[in-house]
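Quick one: structure below, then a few questions.
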Amino acid sequence: MPADADFSVCTYNVNSIKARLPNVVDFLREAAPDVVCLQEIKCVDEAFPRQEIEDLGYNVATHGQKSYNGVALLSKFPLEDVRRGLAGEDTDEQARYIEAVVLTPGAPWRVASIYLPNGNPVASEKFPYKLRWMQRLAAHAADLLALEERLVLAGDYNVIPRDGDCHDPAAWQDDALFQPQTRASYRTLQNLGLVDAFMAVDGREHVYTFWDYQAGAWAKDHGIRIDHFLLSPEAADRLRACAVARAARGKEKASDHAPVIARFAL
DNA sequence: ATGGTCGCGTAGCGA
């Protein structure tokens, strides 16, 4: 293995894998990330286009459900110890978390694909569910950090961390993604020792990962940054870059999210 | 502009 060998992890909310398969195949051919964390596959495991993805050289692990949510991991390296779902709420049937160990030629990397609840409207039961889910994620993350592994928690967090992570803060004031409790919960994750990859190597304001389909948001670059990587210190020490693959959002039949790619030294 | 646009599944919800 060369001394400067690269390991790339991508997070991509595809908003239905069935509707997005041509776009996803094109992206995988062009960007060829080593690991991809998918969110909102919106299908059961049996309906996932496994063969088409495997034909591109990926191993596939899915945690799907009918019509909504659903997450998956794609990896050019073998996957082991696949875990589905988060502990802490036995009645929760929403498929929003999958984790596995990626067996690279170097040390193993533990990678999770996360689809954190949206939480809107704030006055509904959906918002406390979001906050409880964030607490459950924090509890699990604390357990994982104790392993002192190279850990990447990647996904659609549905959190706008700073005012500068959206075009118009006033427009998001009443939104669950922008609430002080939501942001505080995201900071709590970081305070465990997790590092936000984008903030570690870039940190510019007005770099977005999601643009609504409505009202010409993409054309006007009225977006929000809600797709994040949280890294253990062991992973953060190896981080080289974190960038939004904006071109994918400009294509025909695009998802409303762009992929985000983090690059590490292996 | 209390709309606008997608994807689910085929009415109306979720985002």
Side-chain angles (χ1 to χ4, degrees), chain A residues 11-27 37-49 52-53 62-72 89 91-97 113-134 137 154-161 165-179 181-183 185-186 208-228 244-260:
Chain A
T11 181
Y12 189 5
N13 180 324
V14 293
N15 185 18
S16 165
I17 189 63
K18 277 182 274 185
R20 214 64 59 210
L21 188 58
N23 300 59
V24 171
V25 167
D26 284 351
F27 171 73
C37 302
L38 298 178
Q39 299 89 35
E40 285 206 89
I41 62 172
K42 294 189 171 180
C43 65
V44 295
D45 294 338
E46 298 71 32
F48 189 88
E52 291 88 335
I53 303 295
T62 60
H63 181 38
Q65 73 177 80
K66 184 178 163 65
S67 305
Y68 299 109
N69 309 316
V71 286
E89 193 162 321
T91 55
D92 186 1
E93 294 183 352
Q94 300 188 28
R96 297 181 174 277
Y97 185 90
S113 178
I114 289 166
Y115 180 46
L116 210 144
N118 175 295
N120 280 305
V122 170
S124 74
E125 266 308 304
K126 292 178 181 179
F127 188 59
Y129 171 67
K130 176 185 188 129
L131 297 178
R132 290 198 307 275
W133 206 94
M134 295 185 84
L137 178 61
D156 177 358
Y157 281 76
N158 270 313
V159 176
I160 302 168
D165 294 317
C166 63
H167 168 259
D168 178 14
W172 291 92
Q173 209 61 40
D174 299 325
D175 197 282
L177 282 60
F178 202 80
Q179 291 308 297
Q181 292 156 285
T182 302
R183 290 171 157 190
S185 296
Y186 189 68
Y208 307 130
T209 66
F210 167 93
W211 299 258
D212 201 285
Y213 287 125
Q214 303 181 64
W218 167 249
K220 293 184 278 194
D221 197 26
H222 290 182
I224 53 178
R225 190 173 68 88
I226 58 174
D227 298 274
H228 307 301
V244 182
R246 283 176 55 102
R249 181 63 180 84
K251 305 221 168 174
E252 281 297 310
K253 288 227 43 164
S255 169
D256 40 9
H257 293 250
V260 189

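Within every chain, numbering begins at 1; the chains are lettered A, B, ... in the order of the sequence lines, protein sequences first and strands thereafter. Side chains included, hydrogens not; waters and symmetry mates left out as well; all remaining heavy atoms used.
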Between A:Arg20 and B:dG7, does any side-chain N or O lie under 4.0 Å from OP1 or OP2?
-> yes

Rounded to the nearest angstrom, tell me the gap between atom CD in A:Glu40 and atom P in B:dC13.
-> 18 Å

Taking ring pair (Phe, Tyr, Trp, His ring centres under 6.0 Å) as the test, write out the residues that go with A:Phe27, two or more places apart.
-> A:Tyr12

Whole-Å distance between B:dC6 C1' and A:Asp256 CG?
-> 7 Å

Report the distance from atom NE2 of A:His228 to atom CG of A:Asp165, rounding to the nearest 0.5 Å.
-> 7.0 Å

When you compare B:dA15 with B:dG3, how far apart are their C1' atoms, in angstrom units rounded to a whole number?
-> 16 Å

Want to settle it: does A:Asn158 or A:Lys18 sit nearer the 5' end of DNA chain B, counting the closest nucleotide to each?
-> A:Lys18

Side-chain donor or acceptor of A:Gln179 paired with backbone N/O of A:Gln173 under 3.5 Å = yes

What residues 63-71 of chain A contributes to the DNA chain B interface at heavy-atom separation below 4.0 Å is A:Lys66, A:Ser67, A:Tyr68

Say whether, by atom type as modelled, one donor and one acceptor occur between the side chain of A:Arg20 and the main chain of A:Asn15 under 3.5 angstrom.
-> yes

Within this structure, what is the CZ-to-P distance between A:Phe127 and B:dA15, rounded to whole angstrom?
-> 14 Å

Specify the separation, in whole Å, of atom CD of A:Gln94 and atom P of B:dC13.
-> 17 Å

Atom CG of A:Leu21 to atom P of B:dG7: distance rounded to whole Å?
-> 14 Å

Which pair of non-hydrogen atoms, one from A:Gln39 and one from A:Thr11, has the smallest distance, and what is that distance?
-> NE2-OG1, 3.1 Å

Testing B:dG4, B:dG7, B:dA15 for proximity to the side chain of A:Lys253, the answer is B:dG7

Taken to the nearest 0.5 Å, the spacing of A:Ser185 OG from A:Leu131 CG works out to 5.0 Å

Compare side-chain N and O positions of A:Lys126 against OP1 and OP2 of B:dG14 and report whether any pair is under 4.0 Å apart.
-> yes

Whole angstrom value for the distance that separates P of B:dC6 from CH2 of A:Trp218 = 14 Å

Identify, between A:Ile41 and A:Asp212, the residue whose nearest nucleotide on DNA chain B lies closer to the 5' end.
-> A:Asp212

Inter-nucleotide C1' distance (B:dA1, B:dC13), Å rounded = 23 Å

How far does the C1' atom of B:dT10 sit from the matching atom of B:dG14, given to the nearest Å?
-> 16 Å

Name the nucleic acid region contacted by A:Tyr115, choosing base, sugar-phosphate or nothing; use a 4.0 angstrom heavy-atom cut-off, strictly under.
-> sugar-phosphate

What is the distance, rounded to the nearest whole Å, between atom NE2 of A:His222 and atom P of B:dT5?
-> 16 Å

Of the listed nucleotides B:dA15, B:dT5, B:dC8, the one nearest the side chain of A:Tyr213 = B:dT5

Candidates A:Asp227, A:Asn13, A:Asp256 - the one meeting side chain to side chain donor-acceptor pair (under 3.5 Å) with A:Thr209 | A:Asp227

May I ask you to decide if A:Ala215's main-chain N or O and A:Lys220's side chain share a donor-acceptor pair within less than 3.5 Å?
-> yes

Protein-nucleotide distance (A:Glu252, atom CD; B:dT5, atom C1'), rounded to Å = 14 Å

